[in-house]
Amino acid sequence: KLMAAALVPGESVIVALDGPERPLLVRILEDGVARIIAEIDLHGTDEDVACRVSSLKWDAARGCVVASGTFGTQAFRPA
């Protein structure tokens with residue numbers, strides 16, 4: 001299930017997908033090649049509450065994508 005998406009440099013998009021155990025961040029290149037770049041860390045969240053990503057935003061100043069949701073806020077630098 002797609003939860004959020006953000007356009008990033010390099011003509012690609014990063015999407016947050018509902019993974020089997022935790023949300024995954026997947027980078028999809030212009031040619032359609034996709035790879036997992038991160039898993040959202042659930043440390044400190046209530047296991048009974050569904051972990052959802054509500055937004056993804058590219059932070060050009062830091063060169064990272066910022067994910068926000070029920071887990072709080074985390075930043076990831078795509079490879």
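Residue numbers run from 1 in the order of the sequence given.
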Do any side-chain atoms of residues 5-21 form donor-acceptor pairs under 3.5 angstrom with protein atoms, and if so which ones, sequence neighbours left out?
from: Ser12; atom 1: OG; to: Arg27; atom 2: NE; distance (Å): 2.9
from: Ser12; atom 1: OG; to: Arg27; atom 2: NH2; distance (Å): 3.1
from: Asp18; atom 1: OD2; to: Arg52; atom 2: NH1; distance (Å): 3.1

For the side chain to side chain contact (heavy atoms under 4.5 Å, CB included) test, which of Leu24, Leu25, Val26 pairs with Ile37?
Leu25

On a heavy-atom basis, which atom in Leu56 and which in Ala67 lie closest, and how many Å separate them?
CD2-CB, 3.5 Å

Sequence neighbours left out, what pairs pass salt bridge (Lys or Arg N to Asp or Glu O under 4.0 Å) with at least one residue falling in residues 59-69?
Asp59-Arg62

Do Ile40 and Phe76 come close enough that some side-chain heavy atom pair is under 4.5 Å?
yes

Residue set satisfying side chain to side chain donor-acceptor pair (under 3.5 Å) with Ser68, at least two apart, ordered chain then number -> Thr73

side-chain contact (heavy atoms from CB on, under 4.5 Å) between Val53 and Phe71, worked out
CA-CA 8 Å; Val53 177; Phe71 52 87; 3.7 Å; yes

Atom of Gly69, atom of Ser54 and distance for their closest heavy-atom approach
CA-OG, 3.6 Å

